Amino acid sequence: DNEKIEYKNIVLTKGKQKLFVKGRHHPHKAFENLYRNGNIELIGKTENFDIEKLNNYIPISLNIDGNLTSKFMIGGTPENPEINLILDISNPQFDKIYGENLTGEFSYKNEISKLENLNLKTNNGTYIGKGIVPLNLNIFGKNSNYYTNPILDFTFSGQTTEFEFLTPYF
C-alpha cells in the first residue's frame with residue numbers, strides 16, 4: 001500500500017510560460033486502472049500560462065485568452081480530478097470583452113467549475129463576480145455529458161464609464 005510515484009520539483013518552461021509541480025500519485029492496484037484511478041496529490045504554480053489553449057475544453061463557442069499566473073492544488077484521481085487554484089490573469093479576454101487584469105478563485109469537481117471572488121479591471125472600470133460553468137478536464141476521455149449540462153450561471157456587477165459588456169456586440 002506504500003506504492004507511490006513522487007514528483008519532486010518538476011519545472012516545465014516554454015518561452016515565458018512556466019509550470020512548477022510537486023506531489024505524489026498512488027497508482028491503482030489493478031493494472032488496467034493503474035494511472036486512471038489512483039489518487040493524486042499535487043501542488044504547484046503557473047507563470048504566464050497562455051489560457052487560449054483551454055478553449056478546446058470549454059463547451060461554449062466563445063474564445064478566452066490571457067496569461068495565467070496561479071497557485072494550485074490537485075486531488076482526486078486523474079479520471080475525476082478535483083482542482084483548486086488562486087488565479088491572476090493579465091490581459092484577459094472573454095469573447096469580445098477585454099480586460100487589463102482578472103483575479104479570483106477557481107475550483108473544479110465533477111465536471112463543474114466554480115469561479116468566485118472575481119475582480120476584473122478594464123480600461124474603463126472594475127467588475128466583481130462569480131459563476132458556475134460545466135467543464136471537462138478528464139484527460140482519459142471518460143464518457144461525459146458536460147456539453148449537455150444546463151448549469152451555466154454568472155453574476156457580475158461593476159462600475160464603469162462605458163458599456164464595455166454591450167457595445168462590442170452592436
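No experiment lies behind these values; they were computed from the predicted model shown. The analysis underlying the following values was restricted to heavy atoms, covering all of them including side chains, and did not include hydrogens, waters or symmetry mates.
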From [X] [atom1] over to [Y] [atom2], what is the distance, rounded to the nearest 0.5 angstrom?
X    : Y    : atom1 : atom2 : result
T103 : L118 : OG1   : CG    : 7.5 Å
K18  : N48  : NZ    : CG    : 8.5 Å
I10  : F20  : CD1   : CZ    : 12.5 Å
K114 : N84  : NZ    : CG    : 10.5 Å
I132 : T155 : CD1   : OG1   : 9.0 Å
N80  : E111 : CG    : CD    : 8.0 Å

Within 6.0 Å of [atom1] in [X], more than 12 heavy atoms from elsewhere:
X    : atom1 : answer
K130 : NZ    : no
L85  : CG    : yes
E6   : CD    : yes

Check for me, please, whether [X] and [Y] land in the same ILVMFWY cluster - side-chain distances under 4.5 Å, paths through other members count.
X    : Y   : result
I128 : F94 : no
L115 : I86 : no
L12  : I43 : no
L102 : I51 : yes
L19  : M73 : no

(message) Could you work out, with salt bridge (charged side-chain N to carboxylate O under 4.0 Å, His left out) as the rule, every residue matching E41, not counting sequence neighbours?
(response)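 With sequence neighbours excluded, E41 shows a salt bridge (charged side-chain N to carboxylate O under 4.0 Å, His left out) to R24, given in chain and number order.
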Could you tell me which non-hydrogen atom of [X] sits nearest to which non-hydrogen atom of [Y], and how far apart they are?
X    : Y    : result
H26  : E3   : ND1-O, 3.9 Å
F106 : S113 : CE1-CB, 3.3 Å
F72  : K45  : CE2-N, 3.3 Å
G23  : L42  : CA-CD2, 4.0 Å
K4   : P27  : CA-CD, 4.0 Å
G99  : L120 : CA-CD1, 4.2 Å

(message) Please check: side-chain N/O of Q17 versus main-chain N/O of D50, any donor-acceptor pairing under 3.5 Å?
(response)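 Such a contact is found between Q17 side chain and D50 backbone.
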(message) Is it the case that the side chain of Q93 and the backbone of D95 share a donor-acceptor pair, with hydrogens and angles ignored and the cut-off at 3.5 Å?
(response) yes
(request) Under the ring-ring contact (aromatic ring centres under 6.0 Å, His included) rule, collect the residues that match up with Y127, sequence neighbours excluded. (result) F165
(message) Is there a side-chain contact between N123 and Y98 in this structure, where contact means two heavy atoms from C-beta onward sitting under 4.5 Å apart?
(response) no
(message) I'd like to check N91 versus D65 (side-chain heavy atoms, cut-off strictly below 4.5 Å). Are they in contact?
(response) no
(request) Ignoring hydrogens and angles, state whether a donor on the side chain of N101 or D88 is under 3.5 Å from an acceptor on the partner side chain. (result) yes
(message) Here's a test for you: under side chain to side chain contact (heavy atoms under 4.5 Å, CB included), which of L54, T69, L87, I89 qualifies with F49?
(response)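 Exactly one pass, corresponding to L54.
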